[in-house]
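Notes follow once the structure below has been shown.
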2 protein chains.
Amino acid sequence: MTHEVFSKLDLTSLLSLSFSTSINELHERLSELGFGDIRPVHGFMFKCITPNGATGIELAEYLGITKQAVSKMVDYLEKSGYVMRKTHPTDKRGKIIVLTERGWLVVKAKEKILTEIEQRWIENIGTERLQMLKEDLTKLVYEANEDKLPTRLRPVW
Amino acid sequence: MTHEVFSKLDLTSLLSLSFSTSINELHERLSELGFGDIRPVHGFMFKCITPNGATGIELAEYLGITKQAVSKMVDYLEKSGYVMRKTHPTDKRGKIIVLTERGWLVVKAKEKILTEIEQRWIENIGTERLQMLKEDLTKLVYEANEDKLPTRLRPVW
DNA sequence: AATTATAGTCAACTTGATTGACTATGTCGT
DNA sequence: ACGACATAGTCAATCAAGTTGACTATAATT
């Protein structure tokens, strides 16, 4: 694909490719660090869990999947040593999912790698332009969500 | 989610939410026009098909799925009246997938709706800023792909 | 002409989700 | 305080959308 081809992409293709590009690089790097069993949704889940844990319902809403899907995912991540279930402090029905030490390592690694990706983006388009890009996307997402149910993170396809 | 919450989102969350926001609105609008059986991947497939058709292999590469998945998708879209298979002009093994009249209606509708979404984004952040946003994303995606296999449209999750 | 590669389809399988039911617990209205 | 209703999380079954490997007909290569 030449630059000319890219410049003719519509908005949704541009956003999808931008997302795929950054998330692919992130997970290649995480793999190199020994976190090859982490999928993008796991990284987003860990973000929601920090710093104090989250309930299954909170994770389901945040990620845009059902509570049963969250339950299965937590089963898998618990078995892989990234999260733990704890009893809810005030609701006996509930569980709080928290990160293990290994889970925190993923969160730190992700932050570091994303900082490096952004650094390279800054070298490409400049600090001010990246700042504006993020401000504008934030504004547009905020506006689109201010009187609706929040858009779920999970990209529909 | 308050504006403060949005402004703390990392890059990958921002891009995912931006994509979801725009693609959700697009498909709500397409649904209103009677194209409720179209998924985002179909819209991208139609884009790849225009104007002269595409082979199964081309569609698979463009969308980031296997040729069998494309075959099944084309089965479905053929049955729904959006595409047709034609024999390849020069390769007897091959098929060319082309759009029907109804398929072209979807392409036109998508273009119109995306123009309207962009128009509203212009009202929000200004013509110049949207222009810069698109230029910057184009630049970043292009740079990330110039010496690699192309990033596939399909967002990994 | 023989060998190797490819396009598309087939059937079977896998993955990651959803659905509806269930139990234990929490909330609300009287 | 109690009964009715709602909810959190789990269970088993199911489904959608993909992948895999095999296959045939055709194309390309040697």
Side-chain angles (χ1 to χ4, degrees), chain A residues 16 20 23-24 27 36-45 48-49 52-80 82-98 149 152-157, chain B residues 16 20 23-24 27 36-46 48-49 52-80 82-98 152-157:
Chain A
S16 181
S20 294
I23 213 79
N24 282 346
H27 281 268
D37 50 356
I38 290 292
R39 293 168 36 214
V41 61
H42 300 152
F44 292 118
M45 177 185 271
C48 181
I49 287 173
N52 300 323
T55 65
I57 297 297
E58 286 166 354
L59 292 171
E61 282 174 8
Y62 184 77
L63 299 171
I65 57 181
T66 62
K67 53 187 182 175
Q68 175 55 5
V70 166
S71 187
K72 286 181 165 186
M73 199 172 289
V74 170
D75 285 345
Y76 167 82
L77 290 167
E78 194 170 33
K79 211 156 59 172
S80 304
Y82 292 105
V83 304
M84 283 186 315
R85 282 179 168 97
K86 300 186 139 190
T87 56
H88 198 284
T90 61
D91 186 337
K92 285 194 176 67
R93 297 169 301 177
K95 296 286 175 58
I96 292 284
I97 288 86
V98 298
L149 290 170
R152 304 307 175 58
L153 262 176
R154 179 185 179 218
V156 294
W157 178 247
Chain B
S16 182
S20 295
I23 212 79
N24 282 345
H27 282 268
D37 49 356
I38 290 291
R39 291 167 40 213
V41 61
H42 300 154
F44 292 119
M45 176 184 272
F46 294 178
C48 181
I49 287 174
N52 302 322
T55 66
I57 297 298
E58 286 167 354
L59 292 170
E61 283 175 7
Y62 184 78
L63 299 171
I65 56 181
T66 62
K67 53 188 182 176
Q68 174 58 3
V70 166
S71 187
K72 286 180 164 184
M73 199 174 289
V74 170
D75 285 345
Y76 167 82
L77 290 166
E78 196 170 32
K79 212 155 64 174
S80 303
Y82 292 105
V83 304
M84 284 185 316
R85 282 179 168 97
K86 297 187 140 192
T87 57
H88 197 283
T90 62
D91 186 337
K92 285 194 174 65
R93 298 171 299 179
K95 297 288 177 54
I96 292 285
I97 289 84
V98 299
R152 304 312 176 56
L153 261 175
R154 180 185 177 214
V156 295
W157 178 249

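So you know, we letter chains A, B, ... as the sequences are listed, proteins then strands, and number each from 1.
For A/Asp37 and A/Tyr76, the side-chain atoms include no donor-acceptor pair closer than 3.5 Å.
Rounded to whole angstrom, the span from the CG atom of B/Asp37 across to the P atom of D/dA16 amounts to 15 Å. In this structure, CG of A/Leu63 is placed 13 Å from C1' of C/dA17, rounded to the nearest angstrom. Atom CZ in A/Arg152 sits roughly 14 Å away from atom C1' in C/dT18 (whole-Å rounding).
Direction change of the helix axis from one end of the helix from C/dA1-D/dT30 to C/dT30-D/dA1 to the other is 40°, with five pairs defining each end axis (rounded to 10°).
Considering CH2 of A/Trp157 and CD1 of B/Ile23, their distance stands at 8.5 Å, rounded to 0.5 Å. Within the model, atoms CG of B/Leu153 and CD1 of B/Ile65 stand 10.5 Å from one another, a figure rounded to the nearest 0.5 Å. Considering CD of B/Glu78 and CE of B/Met84, their distance stands at 8.5 Å, rounded to 0.5 Å.
Taking the side chain of A/Lys92 as heavy atoms from C-beta on, and the options D/dG18, C/dG26, C/dT18, the nearest nucleotide is C/dG26.
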Checklist line | Contact pattern, 5' to 3', of nucleotides 3-9 of chain C - B, S or - by protein heavy atom under 4.0 Å | finding: --BBBBB
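For the pair A/Thr90 and A/Val41, nearest-nucleotide mapping onto DNA chain C gives the more 5' position to A/Val41.
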Margin query: If you apply the rule side-chain contact (heavy atoms from CB on, under 4.5 Å), what do you find for A/Met45 with A/Leu77, and how did you get there?
Written below: CA-CA 10 Å; A/Met45 177 185 271; A/Leu77 290 167; 3.6 Å; yes
Next item on the list: Just do the side-chain contact (heavy atoms from CB on, under 4.5 Å) check on B/Met73 and B/Leu59 with the steps written out, would you?
Entry: CA-CA 11 Å; B/Met73 199 174 289; B/Leu59 292 170; over 6 Å; no
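Between A/Trp157 and D/dG18 there is a side-chain N or O to OP1 or OP2 distance below 4.0 Å.
The existence of a salt bridge linking A/Asp75 and A/Arg85 is confirmed by a sub-4.0 Å separation between a basic side-chain nitrogen and an acidic carboxylate oxygen.
Here salt bridge (Lys or Arg N to Asp or Glu O under 4.0 Å) pairs that include residues 60-73 of chain B, with residues two or more places apart or in two chains, number zero.
Counting atom types as modelled, A/Lys72 pairs no side-chain N or O with a base atom of C/dG16 as donor and acceptor under 3.5 Å.
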